[in-house]
*Asks:* 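I have a structure here, written as structure tokens, and I will follow up with some questions on it.
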Amino acid sequence: MSVAAPSRKAAARKPAPAREPIASLERKFRKLGLCEPADFIVHLPLRYLDETRITPIARARAGQHAVLEGEIIHSEAQFRPRRQLQAVLEDGSGRITLRWLHAYPGQQERLRAGRRVRARGEVRAGFNGPEIVHPLMTEAGAALPRTLTPVYPTTQGLSQASLRKAIDEALAGADLDDTLPRQIREAYDLAPFDESLRMLHHPVPEVSLDSLAEHRHPAWRRIKFDELLAQQLALAVARAARLAQRAQPLAPGGALLERLRASLPFALTGAQQRAIAQIAADLALGHPMHRLLQGDVGSGKTIVAAFAAAHAIAAGAQVAIMAPTEILAEQHLRKFSEWLEPLGVQVAWLTGAVAAAPRRAALAAIASGEARLVVGTQALIQDKVVFRNLGLVITDEQHRFGVGQRLDLNRKGEAGDALPHQLSMSATPIPRTLAMAFFADMEISVIDELPPGRSPVLTKLFADTRRDEILARIGDEVRAGRQAYWVCPLVEESEALQLQTAVDTWERLRGILPDLRVGLMHGRLPAQDKAEVMGAFREGRIDLLVSTTVIEVGVDVPNATLMVIEHAERFGLAQLHQLRGRVGRGAHQSACVLLYQPPLSGVARERLRAMYETSDGFEIARRDLAQRGPGELLGIRQSGQAPLRFADLSDDEGLLDQAREAAARLAADFPEHALAHQRRWMQGRAQYLRS
Ligand code: ADP
Ligand code: MG
């Protein structure tokens, strides 16, 4: 593009760093995910520099990127502490110092007094007035670019000049044909793709910089729409592929389900019954179910899963249940055994911690088909586990498993060509936009009703200095026959340190509350000790359980009515909501005390306020999405896959709806366009989205 030409020329004339070797340049591009020309053209600027006009020196402000032109009136080299160069530029309106911290031979000659030059760079307030350190120098009087200069996201050692050059080359060579037919563009009022893209790389100076920065400009809208559309198309393809796969149809089982229902000490809520019916309908089909069971903490997802399991077992299939932690798996073992063993279902137990002999026995029972239900942790997805006839896989707190792990499990039932049905339970409610964007390939059941008789948990914020009041409160609670949790602060840097804090707190609290039975739970306890401690707490032999965040998810002890969270300001919103969800599970009034260490940062204050203001998990999830973004929320940040680069799911809900609708139209009426669109956007990302 013409606009980039002057700066490219400038870069070429800039003598300093030797040309980067091609191989290392490529490696750096790859680091940014830039492999194909299609990747380069959608590597979009973070911001822009205005180099379209010359600023009078007197008007150049600190912090501003400016282009200045004038005459060198003085220059001098210094040799101590190292070779430095300094020049003064004057343009009639004022003077500014130009400085180089390391100078090279010949440079001073070019800055001889009397020369007219152009200097570009960020102005700062120097010791002796305004200055620019390491300005880019060009000849005075050369043509100015007509568009803003893009500043791209980059990586260590990769210059903006190299990036601009590569991107401009890609733009010049790439096919920028619109992948969307006119009908779709008009229906959704979309700007043309090529114009949008060119404009985002090289906007004219008249454009509103705010609308660019906030991604509100129509060009941004087009790019975000295209990104969301590509994602929706990929999910639709994955869904179609799933519907084409085979699964064992599991006929509804009558007697076993009726006996399970009759054995429960409570009646199912309407929402639970709806979810059970939706799952039952899916299980009876000949393609694999992928259903996500959503519900707030305490809404009773586990029993719904038990009905799904009973259905599959009655139909003659085996069922696997996976939980992310041993504590939770153990709890599932206890509950599912309690519910299903009396009905004649044999349950097997499999975690990493199971000893060799019982492990062999479990594996044999699973392989023979004798064990109808297998409960465990990630150990379940290891290769050695062979099922006779796996028909249904249930994952609890689904988003805690990595994407890859879910894939592995999917392959477990492939004996024959039938795949198992899958039911996932999410720990925390997922905002609608997020579910649509990332789980569009799943059906979703929502339990939007809590079991009757629950009174909402009272949430209180206490500065750390008011600990004594809390300690007194714990005593009251225990004397009334209740139990309490004390959750120790998250120590981000070190698990060992977090452990130490828990141990210290446990000792301190035992000293302060001598007549209470205080227990300690943390992730490093051997599996058997964990089970022992949880058992004692469940049975009321421990009054106060000091714990790290290992009890965060799923733990269900209805008699516990007080949750104290120390250094609550260090926890994320979803995590606080999960922890709070450990109480308020029975009929007794419960409270959650968030102890914080003042002063609070702005974000921490927002989080604690959200906890105080609402106990609705869906609302919390919405705020969490706005604060942290989808990668964090879904626990997929570590996978290195930025889920969406441009669209913002907390802002672009309307756009997502449109993109979804457009994806269906495109797939139905313009399959060629749909393919072209996916090809442009989905380089290497399809595998990730299919999982
Ligand atoms: P979550 O959705 O957080 O996983 P659980 O499945 O652990 O919730 O259920 C929370 C508690 O509510 C459990 O003690 C469970 O036995 C109880 N529960 C579930 N369904 C009902 C119901 N319909 N009526 C009364 N209590 C219920
Ligand atoms: Mg649960």
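Whatever order the structure lists ligands and atoms in, that order sets their numbers, starting from 1.
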*Asks:* Heavy-atom count check: over 12 atoms from other residues, nucleotides or ligands less than 6.0 Å from Y612 OH?
*Replies:*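 Not buried by this count: 12 neighbours or fewer within 6.0 Å.
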
*Asks:* Do the side chains of M289 and E443 get nearer than 4.5 Å, heavy atoms only?
*Replies:*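 Contact flag for E443/M289 side chains = no.
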
*Asks:* When the side chains of residues 300-317 are checked against the rest of the protein, which donor-acceptor pairs come out under 3.5 Å, sequence neighbours left out?
*Replies:*
| from | atom 1 | to | atom 2 | distance (Å) |
| --- | --- | --- | --- | --- |
| K301 | NZ | G295 | O | 3.0 |
| K301 | NZ | D296 | O | 3.3 |
| H311 | NE2 | L250 | O | 2.8 |

*Asks:* Measure from every N or O atom of ligand 1 to the protein's N or O atoms and keep only the pairs below 3.5 Å, writing each with atom names and distance to 0.1 Å.
*Replies:*
| from | atom 1 | to | atom 2 | distance (Å) |
| --- | --- | --- | --- | --- |
| ligand 1 | 2 (O) | S299 | N | 3.4 |
| ligand 1 | 2 (O) | G300 | N | 3.1 |
| ligand 1 | 2 (O) | K301 | N | 3.0 |
| ligand 1 | 2 (O) | K301 | NZ | 3.0 |
| ligand 1 | 3 (O) | G298 | N | 2.6 |
| ligand 1 | 3 (O) | R585 | NH2 | 2.9 |
| ligand 1 | 6 (O) | K301 | N | 3.3 |
| ligand 1 | 6 (O) | T302 | N | 3.0 |
| ligand 1 | 6 (O) | T302 | OG1 | 2.5 |
| ligand 1 | 7 (O) | R585 | NH1 | 3.0 |
| ligand 1 | 8 (O) | G300 | N | 3.3 |
| ligand 1 | 12 (O) | R454 | NH2 | 2.7 |
| ligand 1 | 14 (O) | D556 | OD1 | 3.3 |
| ligand 1 | 14 (O) | D556 | OD2 | 2.7 |
| ligand 1 | 20 (N) | Q272 | NE2 | 2.9 |
| ligand 1 | 23 (N) | A267 | O | 2.8 |
| ligand 1 | 23 (N) | Q272 | OE1 | 2.9 |

*Asks:* Which heavy atom of R359 sits nearest to which heavy atom of V354, and what is that distance?
*Replies:*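 The answer is N-CG1, 3.7 Å.
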
*Asks:* Taking side chain to side chain contact (heavy atoms under 4.5 Å, CB included) as the test, write out the residues that go with A329, two or more places apart.
*Replies:*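 Per chain and number, A329 pairs via side chain to side chain contact (heavy atoms under 4.5 Å, CB included) with A323, W349, T377.
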
*Asks:* Test of understanding: with side chain to side chain contact (heavy atoms under 4.5 Å, CB included), list the residues that count as partners of L509, not counting sequence neighbours.
*Replies:*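 So L509 forms a side chain to side chain contact (heavy atoms under 4.5 Å, CB included) with L471, W486, T505, L544, V546.
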
